[in-house]
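Structure first, commentary second.
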Amino acid sequence: MAGLVAALLLAGKGVAVTVLERAATPGGKLREVVPRHRPVDSGPTVLTMRRVFERIFDEAGLSLADHVTLSPSPILARHSWRGDERLDLFADRDRSAEAIGDFAGASEARGYLAFCRDSRAMFETLESAFIDTPRPSLPGLIAHHGILGAPRLLGIRPFATMWSALGGYFRDARLRQLFGRYATYCGSSPFLAPATLMLVAHVEQAGVWLVQGGMHRLAQALADAASAKGARLRYGTHVARIRIESGRVAGVALAGGEVLDADAVIHCGDVAALASGMLGADAARAASPASRTGRSLSAVTFSLDAPTDGFPLARHNIFFSRDYEAEFAEISRRGELPREPTIYVCAQDRCEAQFAPAGRERLFCLVNAPARGDTEPFTQEEIARCRERTFTLLGRHGLRIETRDAPIVTTDPTAFDSLYPGTGGALYGPASHGWRASFARRGVRTKLEGLYLAGGSVHPGPGLPMAATSGRWAAATLLCDFASTGMSRRTAISGGISTPSAMTEPTG
């Protein structure tokens, strides 16, 4: 996502761009798999912050609406506990409050409205001074708001955990579990993440959008737009090394031996791959080594096309475990697959039913897992038990999935580490645990002249709009740097080993 955005915006400014992607299609983590005959979204399944993408296309002289068709989702998600305990959250806040009141009582509905108010205030406090800034800092954040803004900064509650903060809004443990789950959107534990991550709830409340044709259509639209602007996209291309000459970037070397000259490289893979030397020892010095203990969550996912019965699925569904704290203790503290996981199910055809053959639907099922795919890979027996537990637990919630004749594509932390090298399978870069975590993320610039960073492992963080924003900042920063020094040499941007890379050179 970051590489595609950077390529589009740079090509739109007249810079010759080459995107180097190891996979056969664009998108990186925005991927789809084909378990039977139809593609299944098997990466990000939720599109929020539509205006981020509208701005990107607008800056490229294009219209987002001309490239993808988006429709709002009236139901944000359907939540299930054991028995008939179900709760829908809606795009309409008042409708959600009414549903919560019916589910858990009037006091919990009032708590929800207070939660919405405070999560919105958090987002507004951080949007311009932190999220939409290429390299934020705590002093800069304080200076932005000034002395009179101190109460607003304290309102983001950086020193409280998300789980403890939720206790001030909800007495019902099920609701704390529901809203604590927003920490996992950043690959973090609600028991360790700061309460500031409550702002994720506001982002979702502001609108969830469905992409006609599947989420991967967004990646293809960006690739097509970048190509139309003159960018060259090369798939099935493995970047083996970033070349360094005289202390600055000189280009890249591909796995097959081909050498490409470049003046600038945008690395859009995980920073951990760069820091660990996967792109060469010289380039590794541009990033600090990543801590394996600070990795975000990984996952075990199951993509399939199968008949279902029983539970009335929405597009997005969450089936909760009975003991959230025990679940995260197993994942975060013991590094194990949970014995009773919380399960996310995206039923892709629930809003595109006209594309679904009778009796079958595309499903993407996900359970959280520790990112140990490169150190202690789970055995086939452990993954098989995880699969059995997952579909058994779904059955206990009333969802029956006929899997006997349905091919299932399983992706575990080891497979994710192969797809996204250097991560151990972590899907969100470093975990957002503790108040310092957000400031510890790398910014666009590195210590190496001509090397820039973008993607979900750097600021402003994981998620499609955040990764896209990092790509936008990378393009803007590169253009600013070369405008101030003059483009006497060829210019390039490259993005990594497995997610979009872009190389550029001036055209005039």
Side-chain angles (χ1 to χ4, degrees), residues 46 48-49 76-77 79 87 89-94 96-97 99-100 104 107-132 136 138 141 145 149-208 296-297 316 318 320 324-325 328 332 342 344 368 428 430-439 441 459-466:
V46 175
T48 58
M49 298 181 72
L76 300 181
H79 307 84
L87 174 64
L89 286 186
F90 300 93
D92 184 319
R93 185 196 62 179
D94 293 337
S96 291
I100 289 172
S107 64
E108 300 298 271
R110 291 191 294 271
Y112 168 72
L113 293 174
F115 172 81
C116 289
R117 179 198 64 217
D118 291 350
S119 63
R120 176 174 181 171
M122 288 179 178
F123 181 82
E124 292 175 345
T125 298
L126 295 173
E127 183 178 20
S128 60
F130 183 85
I131 297 172
D132 206 17
L138 182 58
L141 185 61
H145 288 283
R152 295 191 70 187
L153 287 177
L154 291 175
I156 68 175
R157 306 179 71 174
F159 306 115
T161 67
M162 191 169 186
W163 190 260
S164 64
L166 289 171
Y169 299 97
F170 307 107
R171 298 186 64 182
D172 192 305
R174 297 169 300 179
L175 296 178
R176 290 198 298 274
Q177 193 176 27
L178 189 161
F179 292 103
R181 186 178 175 276
Y182 284 110
T184 67
Y185 284 34
C186 299
S188 304
S189 163
F191 300 95
L192 299 173
T196 311
L197 290 187
M198 286 167 42
L199 64 82
V200 178
H202 171 71
V203 169
E204 190 174 81
Q205 183 68 57
V208 169
S296 63
L297 294 171
H316 305 292
I318 298 97
F320 284 109
Y324 218 35
E325 190 166 6
F328 276 92
S332 301
T342 293
Y344 166 72
N368 292 318
Y428 313 87
S432 299
H433 292 160
W435 70 270
R436 294 183 181 88
S438 294
F439 293 105
R441 284 184 178 269
H459 176 76
L464 292 179
M466 298 297 102

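Note that the numbering runs from 1 along the sequence shown for the chain. From a predicted model like this one, the values you see are computed outputs, not experimental measurements.
- When every heavy atom of Q205 is checked against every heavy atom of F90, the shortest pair comes out as NE2-O, 3.4 Å.
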Discussion item. Between L113 and R93, is the side-chain contact (heavy atoms from CB on, under 4.5 Å) condition met? List the steps.
Written reply: CA-CA 8 Å; L113 293 174; R93 185 196 62 179; 3.8 Å; yes
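- In this structure, the side chain of H316 does not engage the main chain of L76 through any donor-acceptor pair within 3.5 Å.
- Without hydrogens or angle criteria, H202 side chain to A121 main chain gives no donor-acceptor distance under 3.5 Å.
- Of the inter-residue distances, the one linking Y324 atom OH with R181 atom CZ reads 6.5 Å to the nearest 0.5 angstrom.
- Note that OG1 of T342 and CD1 of I318 are 9.5 Å apart. Values are rounded to the nearest 0.5 Å.
- Put simply, the side chain of L464 does not reach to within 4.5 Å of the side chain of V46, judged on heavy atoms.
- Partners of F191 according to the ring-ring contact (aromatic ring centres under 6.0 Å, His included) rule, which considers only residues two or more places apart in sequence or in another chain, are W163.
- For the atom pair CZ of F328 and CG of N368, the computed distance is 5.0 Å after rounding to the nearest 0.5 Å.
- A side-chain donor-acceptor contact under 3.5 Å links R441 to the backbone of P430.
- The CZ atom of R171 lies 15.5 Å from the CG atom of L166; values are rounded to the nearest 0.5 Å.
- Between the S296 side chain and the Y428 main chain, a donor and an acceptor come within less than 3.5 Å of each other.
- In terms of heavy atoms, D172 sits closest to A104 at OD2-CB, 3.5 Å.
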Discussion item. As a quick check of understanding, evaluate side-chain contact (heavy atoms from CB on, under 4.5 Å) for V200 and T48, giving each step before the final call.
Written reply: CA-CA 10 Å; V200 178; T48 58; over 6 Å; no
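- Nearest heavy atoms, A183 versus M162: CB-SD, 3.7 Å.
- The OH atom of Y169 sits 3.5 Å away from the CE atom of M198 when rounded to the nearest 0.5 Å.
- Counting all heavy atoms, side chain and backbone alike, S332 lies closest to S189 at OG-CB, 3.9 Å.
- Looking only at distances, no side-chain donor or acceptor of Q177 sits under 3.5 Å from a matching main-chain atom of F320.
- Contacts of F170 classified as ring-ring contact (aromatic ring centres under 6.0 Å, His included), with partners at least two apart in sequence or in another chain: F115, F179.
- For S188 (side chain) and S432 (main-chain N/O), a donor-acceptor pair under 3.5 Å exists by modelled atom type.
- At a threshold of 4.5 Å between non-hydrogen side-chain atoms, the residues L178 and L89 count as touching.
- Here the CG atom belonging to L199 is positioned 13.5 Å from the CZ atom belonging to R120, to the nearest 0.5 angstrom.
- The minimum heavy-atom distance between G187 and A431, with the atom names listed, is O-CB, 4.3 Å.
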